[in-house]
2 protein chains.
Amino acid sequence: MNIKEVARLAKVSTATVSRTINGSDKVTAKTAERVRRAIETLKFYPNTNARALGSGRSSLYGLIISDITNPFFPELVKSFEDIAVQFGQEVLIANTNYDPHRMEVCVSRMLQRKVDGVAIMTSEMDERLIDELNSRSIRMVFLDTGKPQKGISNIAIDYASGIDAAVEHLSALGHTSIGFICGPMQLTSARTRRRAFIQSLKRKGLLLDNQLIEEGNHRMDGGHEAMLRLLGKNPRPTAVLTSNDMMAIGAIGALGEHGLKVPRDISIIGFDDIELGAFTQPALTTVRLSRPEIAKVAFRALYDAKDDATAMGAEFTIQPTLIERKSTGPAPKHRA
Amino acid sequence: MNIKEVARLAKVSTATVSRTINGSDKVTAKTAERVRRAIETLKFYPNTNARALGSGRSSLYGLIISDITNPFFPELVKSFEDIAVQFGQEVLIANTNYDPHRMEVCVSRMLQRKVDGVAIMTSEMDERLIDELNSRSIRMVFLDTGKPQKGISNIAIDYASGIDAAVEHLSALGHTSIGFICGPMQLTSARTRRRAFIQSLKRKGLLLDNQLIEEGNHRMDGGHEAMLRLLGKNPRPTAVLTSNDMMAIGAIGALGEHGLKVPRDISIIGFDDIELGAFTQPALTTVRLSRPEIAKVAFRALYDAKDDATAMGAEFTIQPTLIERKSTGPAPKHRA
DNA sequence: CTGTTAGCGCCTTCAG
DNA sequence: CTGAAGGCGCTAACAG
């Protein structure tokens with residue numbers, strides 16, 4: 001089953017079939033209709049591989065993420081796909097599993113499939129692999145990594161503004177002793193969030209107590225343990241910001257075990273706004289880093305520049321926003 | 001950059017390059033080595049589209065799921081990919097979003113990309129689409145849907161045994177009044193789980209109180225509300241099974257709001273064993289439906305039969321297993 | 001507006 | 001064991 005059989009049935013040339021499939025406007029409505037009917041009755045599906053080979057365009061966009069089981073990513077993947085579909089493009093997803101070697105494999109797959117562009121949503125990226133992509137004129141877009149260059153765009157997250165909003169919120173509730181559970185310090189994004197927190201305290205004229213910054217692993221258990229350590233401090237913070245929601249959820253669990261009520265005894269604010277956060281007990285106040293927005297910007301960064309792959313990349317900025325739910329409240333009057 | 005340039009550099013024909021790329025054993029080790037070096041220095045990546053077109057095999061396997069943001073799926077996707085990679089195959093993921101129309105789109109993508117087989121892990125499937133696939137000799141494997149046929153395998157979940165284990169566990173703890181929060185009744189799998197629960201009670205000689213079966217939506221909020229309804233019943237159950245973990249988590253939240261302790265006042269058992277369950281407060285006792293196992297069986301069902309696509313499909317059975325954590329305990333002596 | 005005809009890059013007989 | 005050459009299904013000039 002191929003274009004030729006369709007052509008025969010519709011009594012036109014293969015070129016005309018190709019044209020109507022691709023929505024060319026230089027086909028009479030009548031001929032096009034005939035072709036479409038032939039396609040219908042033959043249940044013909046154009047061969048993507050042949051299309052890509054013939055045209056040079058794959059209509060495929062790569063999306064490289066760290067780990068699909070990390071709750072941050074599924075929504076990103078879904079949104080990216082939705083947008084791609086809207087534009088008639090397809091998505092090739094690849095996981096690095098946080099492993100530099102696998103990143104190599106991922107890039108290799110992108111190269112072999114001749115993607116038209118690739119969104120690299122992991123925090124680290126090998127310079128050599130970038131060159132590999134670059135030398136084949138494949139546009140890239142990164143998430144919060146590096147500066148725009150020829151063919152490379154970047155999506156910057158304005159962590160400062162998001163964390164400022166969180167600190168402001170706590171400050172307005174009367175909190176002055178605010179702790180922070182940061183992510184693993186080898187992650188650029190974790191370092192950035194931590195820095196944003198410190199600077200935010202300064203800006204608000206709040207006391208920075210280095211004791212109240214604990215490191216976690218961006219997972220629930222890490223948040224749990226970090227919170228336990230924080231509870232041992234004296235004075236203990238009345239509110240805690242975390243570098244991501246998973247740790248916030250873990251922290252709330254730790255508090256529960258110690259008979260502490262959130263937000264009565266301690267307020268908690270997460271970061272990311274994963275879906276789960278709306279359903280925890282209490283619902284998590286958090287700083288939303290909108291995945292749909294990131295996905296949309298990433299795709300457009302690639303797609304809109306598809307015709308001049310070597311054009312200068314742009315820098316886009318995403319503003320996180322505070323989502324007030326139930327895990328924050330007035331600072332307790334008396335210390336436990 | 002193509003096979004021709006590699007051939008020129010290595011001073012062989014394109015056929016020889018093709019052969020060494022494909023690991024044919026009829027190439028001298030020395031020639032192969034020379035070719036590989038040429039590939040290396042040229043940084044040549046074979047064009048997948050051309051390969052598929054030329055060979056007729058795409059080395060691509062489709063994986064159709066309902067929704068990547070449903071926590072059941074990411075691990076399945078990951079495992080499926082891992083296995084595929086081990087066998088040098090690639091995976092094309094498609095989401096239906098629970099929408100029959102999107103299922104059509106998904107199948108269409110599979111057809112256009114000429115997948116070598118497709119794992120359909122959604123609960124419902126259109127007969128017509130199956131024929132579409134079947135008529136093109138594309139092997140399929142379903143999850144707990146229908147019977148094996150020519151070219152179609154099925155992975156059956158032994159719900160009965162999993163739920164039996166859960167009921168047995170509760171029974172041994174002294175529970176006699178056991179409630180059930182079932183999934184949306186339009187889902188086949190939800191109906192099956194419900195039926196398994198009812199039959200399990202019978203087998204154990206436990207009382208079946210229809211009042212104690214409430215319907216949820218397989219999400220946290222549904223579990224939350226169903227549990228609230230269950231709390232209004234008299235007598236109230238001392239233990240509750242849920243059709244999936246998300247609802248169990250929601251149920252635990254509802255209990256917390258009412259000042260009830262799990263498992264002191266009520267025991268809860270989930271189903272699926274999503275990663276999250278290990279981190280809830282308390283950690284969730286659940287019936288594990290191993291996604292890695294499902295993924296492995298699904299892939300093998302497709303891959304092992306790749307050479308005779310019309311061979312009869314097989315039926316595979318997956319045994320769920322009870323994972324005892326902290327959300328179950330002895331039945332309370334006194335009723336609240 | 002429609003048909004003709006080269007490729008696209010690789011695989012795969014078929015010879016040698 | 002290696003090379004030559006046709007073909008996979010479609011697209012994209014180029015004619016007409």
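Chain identifiers are assigned alphabetically (A, B, ...) following the order of the sequence lines, protein sequences preceding nucleic acid strands; residue numbering begins at 1 within each chain. The structure presented is a predicted model; accordingly, all values stated were derived computationally and were not measured.
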Between P on C:dT2 and CD on A:E33, what's the gap in Å once rounded to a whole number?
13 Å
OP1 or OP2 of D:dT11 less than 4.0 angstrom from a side-chain nitrogen or oxygen of A:N22, does that happen here?
yes
Distance in angstrom units between A:D25 CG and D:dA12 C1', rounded
15 Å
Mind running salt bridge (Lys or Arg N to Asp or Glu O under 4.0 Å) on B:D304 and B:R139 for me, showing each step along the way?
CA-CA 11 Å; B:D304 291 345; B:R139 282 199 74 91; over 6 Å; no
Could you check whether atom CD of B:E40 has more than 12 heavy atoms from other residues, nucleotides or ligands sitting under 6.0 Å from it?
no
Given atom CZ of A:R8 and atom C1' of D:dG9, what is their separation to the nearest angstrom?
14 Å
Select base, sugar-phosphate, or nothing to describe what A:V17 touches, counting heavy atoms under 4.0 Å on all strands.
nothing
Nearest whole angstrom, please: distance from the C1' of C:dT5 to the CZ of A:R19.
12 Å
Pair A:E132 + A:R136: basic N to acidic O under 4.0 Å:
yes
N or O in side chain of A:N2 less than 4.0 angstrom from D:dC8 OP1/OP2
no
Short N-O contact, A:K78 and A:E75, less than 4.0 angstrom:
no
Please determine if a side-chain N or O atom of A:T14 lies less than 4.0 Å away from the OP1 or OP2 oxygen of C:dG3.
no
Starting from P on C:dC10, measure out to CG on A:L53 and report it in whole angstrom.
8 Å
Measuring to OP1 and OP2 of C:dT12, would you say a side-chain N or O of B:R57 lies under 4.0 angstrom away?
yes
To the nearest angstrom, the NZ-P distance between A:K26 and D:dC14 comes to 12 Å
Once you round it to whole Å, what is the distance between P of C:dG3 and NZ of A:K4?
15 Å
Expected output: side-chain A:S58 to main-chain A:K114 donor-acceptor under 3.5 Å
yes
Does B:S55 have a side-chain nitrogen or oxygen under 4.0 Å from the phosphate oxygens OP1 or OP2 of C:dC11?
no
Considering heavy-atom distances to DNA chain C, does A:T31 or B:A50 have its closest nucleotide positioned more toward the 5' end?
A:T31
Base, sugar-phosphate, or nothing for B:S18, non-hydrogen atoms under 4.0 angstrom?
base
Between B:N47 (CG) and D:dG9 (P), how many Å, whole number?
16 Å
Phosphate oxygens OP1/OP2 of C:dG3: is one of them under 4.0 Å from a side-chain N or O of A:T16?
yes
Result for 5'-nearest mapping on DNA chain D, choosing between A:I21 and B:A15, is B:A15
